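First the proteins, then the strands, lettered A, B, ... as listed; each starts at 1. The figures that follow rest on heavy atoms only: side chains count, while hydrogens, waters and symmetry mates do not. Just so we're clear, the structure is a prediction, and the values are computed from it rather than from any experiment.
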Amino acid sequence: MKSRRQFLTASAAVLPALALSACASTGAGKLIAASAESQSCKKPGGPSAKYFPNVVVMTHTGRKAWFYDDLIKGKLVGINFMSVKSEEQFPVTQNLAKVQELVGDKLGQGTFMVSITTDPEHDTPAVLEEFAKKHGAKDGWIFVTGKPSDMQALYHKLGAHGGHAEAGGHHVWRYGNEPYARWAAAHAMAKPHQLAQRLSWVEVNKDPNSKKA
Amino acid sequence: MTNTSRRNMLKLGLLTAGASVATAQQVFGAGELVGNLCTPSDLPLAEDDPGSHDFNLSHFVDPLPIMPIAEPINFPLDPPIDPARHQRYSEFLPQKTYIQVLREFDHQYHSGLPFTTKVWGFNSIVPGETFHAHYGEPLLIRRYNQLPPDHVGFALPSFTTHLHNLHQASESDGMPWDWVDNGYFWDYHHVNAPAGGDPLEKQTTQWYHDHRMDFTATNVYMGLTGFYLLFDKKDSGNENDPSPDAFRLPSGKYDVPMILHDISLGEDGQLYLSQDTNGFLGRYYTVNRKITPFLEVEPRKYRFRFLNGGPSRFYELGLRSDQFFTVIANDGNLLPKPVSAETIKLSVAQRFDVIVDFSQYQPGASIVLENLMEQIRGEGPTGRKFPKGEGEQVMEFRVVPLTGPDNSRVPDKLRALPKIDLNKVKKERLVKLDYFGGIWTINGKGFDMDRIDMEIEQGSAEIWTIRNGGTRWEHPVHIHFEEFQILEFNGKPLKKSDVDHSRKDVLTLGPGDEVKLFFHFRDFLGCHVMHCHNVVHEDHTMMVRWCIVPPKHGPVLGAIIDPRPVMRLGTPPAGF
Ligand SMILES: [Cu+2]
């Protein structure tokens, strides 16, 4: 996938419509509001489906997307939690901007970065778009917001478990390779090269000779 | 919880010889709430996890598997070992060489399951073969990675094998950053010499397990564990040993290593592991990778080597009988004297060697081993204890007729503790365990493989104070390479009759607990780790890296990291 436009064509922009066609009772206008309902009528499938709530989110480019189907499935992904207001205290996005540079050409080409806001009321798609621009986010780095209860569902499943909400899970960076169901986590404030390296750990490489000994 | 009550909880059931059961119940009555670890009720329970399928399996259907003893190879390694990459290699030339190939294969967890489950193991065995090592006999293990590079599932087909609590140099200690990818191998050199050359530092029950950075829980859960037992002239592994020095503890088939793992299976019959950072609780108890098995025992003495293999569950093991355990070793170290205990508490990675005498039973009798510790979520036990007889069933012992005389003994004295020489202490450190921003932290930080958190002068002793700053979770903390003795637990020294009055490598800290430990760092230079052995916490960054550096030397990062392991390209020889 060469550009954002193509990426969105391939996934986010199209799939919600497909999903809707399968959900006779859910109208297009209700999609975000009725995401729990949508979830039950669209049975998620895929090697890592059990780890991700397939809620509907809005990207910083203003598109609707199924979180798992469109943003995770079939991809190598780094996932983190952030909010525009907390960036000063937890400068995670700044750190990930450096990771983005190290990921280089692979970003958007099978490798993606997904940043989930913990403050959906403030962080609207428009606010996130400006924030993404400020941090130099390229195609393949997607900021997402949505209905607070859906964001909460993502946060509980991926960010902070057991109700320990201190610091909003802003230090979790979850990474993995969806088709191979390999998932792990690291500190979101780890050195950028350490995070970028982790994405290569979960890549599948069948030829040992291609690695440096 | 107050420090005093916490201390009582740790002691629960662990009675010194001569104390009565009644005393224990006064200290800790059945069902009494002593913990505050119960998390808010709106959070999901491990048993409600939809990923974990209930197959309605019966208990005690399959016999307990006994792992075979590892056999050395009788041909030279090709290519040979690279001695330059191993400290003090020429001083400790291997007398035996072993090969282990890590592979994926199918395993039957219970004969009532309609399918087999994909597991990872050593030489197509899970748990791996049991090593019988002898003091004074260094050995070498070459391990090849033949795990499937395109494996689909939570584990990463990249390994680094840690020999837990053994005294070995960093390059053979299975450091999290020294991984071996598919198609490569690495040589692990185990000197089998006691720390500091002190015979009182000899060890007995250790184990090997995967330690891959970020993937320890997943890879251990997939099957990468096994036992490594050490013997010497006293603990000789022969109950008929004519030597007057020999302990003559139960041996051969009466010496049974047992590793406990709790697992869940998905509907597809494959191992299921959640992504919960608090920890993972499985639906089924397994012993040596069989779901609630049985073991036929003769009416005589047995040595059971219990090991909690994780990932996150805590155990308090007891027998559904009036039988006590005679504890002879804690964390793989023979105690100064045997201690009689009604129950034993095992947090992840802990070991207890116990003697159980079945001689009072008639053939046909059966005795259930149960877990009395209530735990509903991964982060730690609730603090409640099931009444005796109502615990969760782990396995069953079935008494069969005696086949010969029981010549085994339990000596009154085992191994004295090495002296604590406080004059050697050069440094005191404070280590705080906590949780922040979704990540488990040590001194406020997550693990960084490039950072040295502590530099320790070779030959010096140190005192570490470890404090659990959390309010709801327990951490079984493990320190590699050198063992510790507990100076104080919550401000008080231990009684000599306490089972933790021993050398140890894992220490469990409940909410607010603080412990003071004595260490003496000897023999090798290089970097090791300290981490939480709830391996899910470990994988979520609860680990620090510390390095032994030459004395009176400034920061020497480059120098001490040499020699480093570098995984080598190669496939196993024919027959492996
Ligand atoms: Cu822990």
Side-chain angles (χ1 to χ4, degrees), chain A residues 46-52 79-81 86 89-90 92 118 155-191 193-194 197-198 200-213, chain B residues 39-40 42-44 49-51 145 148-158 179 181-184 212-215 217-218 266 272-279 377-379 434-439 441 445-451 470-473 539-541 566-571:
Chain A
S48 304
K50 60 189 169 226
Y51 300 137
F52 297 95
I79 304 166
N80 75 293
F81 292 89
S86 70
Q89 197 189 349
F90 305 107
V92 173
T118 55
Y155 175 66
H156 276 294
K157 191 91 180 174
L158 306 171
H161 299 278
H164 312 309
E166 307 91 71
H170 288 177
H171 286 163
V172 188
W173 185 72
R174 217 162 262 288
Y175 66 100
N177 186 340
E178 194 280 335
Y180 292 90
R182 291 176 191 172
W183 294 96
H187 199 299
M189 292 305 291
K191 295 181 187 88
H193 77 270
Q194 294 171 331
Q197 187 194 25
R198 278 172 160 89
S200 71
W201 293 353
V202 292
E203 254 173 342
V204 172
N205 185 344
K206 292 184 197 173
D207 177 16
N209 291 295
S210 69
K211 288 180 189 171
K212 67 177 170 72
Chain B
T39 41
D42 58 330
L43 297 163
D49 190 326
N145 186 342
D150 53 355
H151 166 79
V152 178
F154 46 78
L156 191 74
S158 170
W179 61 82
D181 286 335
N182 175 268
Y184 291 80
R212 178 61 164 81
M213 200 193 306
D214 293 8
F215 290 90
T218 58
Y272 168 75
L273 186 67
S274 75
Q275 298 276 313
D276 188 336
T277 51
N278 283 316
R377 295 187 185 90
E379 62 196 350
D434 218 328
Y435 175 97
F436 188 74
I439 285 291
T441 60
K445 294 173 183 166
F447 179 63
D448 181 341
M449 66 181 278
D450 299 328
R451 186 181 69 221
T471 54
R472 274 172 293 198
W473 40 82
D539 283 347
H540 291 83
T541 83
V566 176
M567 59 180 187
R568 301 170 73 186
L569 192 63
T571 49

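- Proximity to chain A is absent for every atom of B:F447, based on heavy atoms less than 4.5 angstrom apart.
- Of the options A:K157, A:K50, A:R174, a side-chain contact (heavy atoms from CB on, under 4.5 Å) to B:Q275 is made by A:R174 and by none of the others.
- At a 4.5 Å heavy-atom cutoff, the contact between A:Q197 and chain B is made by side-chain atoms alone.
- Closest approach of B:L569 and A:P208 over heavy atoms only: CD1-CB, 3.7 Å.
- Ring geometry, A:H171 versus B:F436: the interplanar angle falls from 30° to 60°, so the pair is classed tilted.
- Contact count versus chain A (heavy atoms, under 4.5 Å) is highest, among B:G266, B:P157, B:P148, B:S158, for B:P157.
- Counting heavy atoms from C-beta outward, B:K445 and A:H187 have side chains that stay 4.5 Å or more apart.
- Residue-environment remark: CD (A:E203) exceeds the threshold of 12 foreign heavy atoms within 6.0 Å.
- Interatomic distance, B:D214 CG to A:W201 CH2, rounded to the nearest 0.5 Å: 5.0 Å.
- Here B:P149 is the residue among B:G446, B:A155, B:P149, B:G51 with the most heavy-atom pairs under 4.5 Å with chain A.
- Looking at A:A186, the atoms closer than 4.5 Å to chain B (heavy atoms on both sides) sit in the backbone and in the side chain alike.
- Distance check: A:L158 CG to B:D276 CG gives 11.5 Å after rounding to the nearest 0.5 Å.
- The shortest side-chain heavy-atom distance between B:F215 and A:V202 falls under the 4.5 Å cut-off.
- Within the 4.5 angstrom heavy-atom criterion, only backbone atoms of B:D539 (N, CA, C, O) approach chain A.
- Considering CG of B:D450 and NZ of A:K191, their distance stands at 5.0 Å, rounded to 0.5 Å.
- Within the model, atoms CZ of B:R451 and CD of A:Q194 stand 9.0 Å from one another, a figure rounded to the nearest 0.5 Å.
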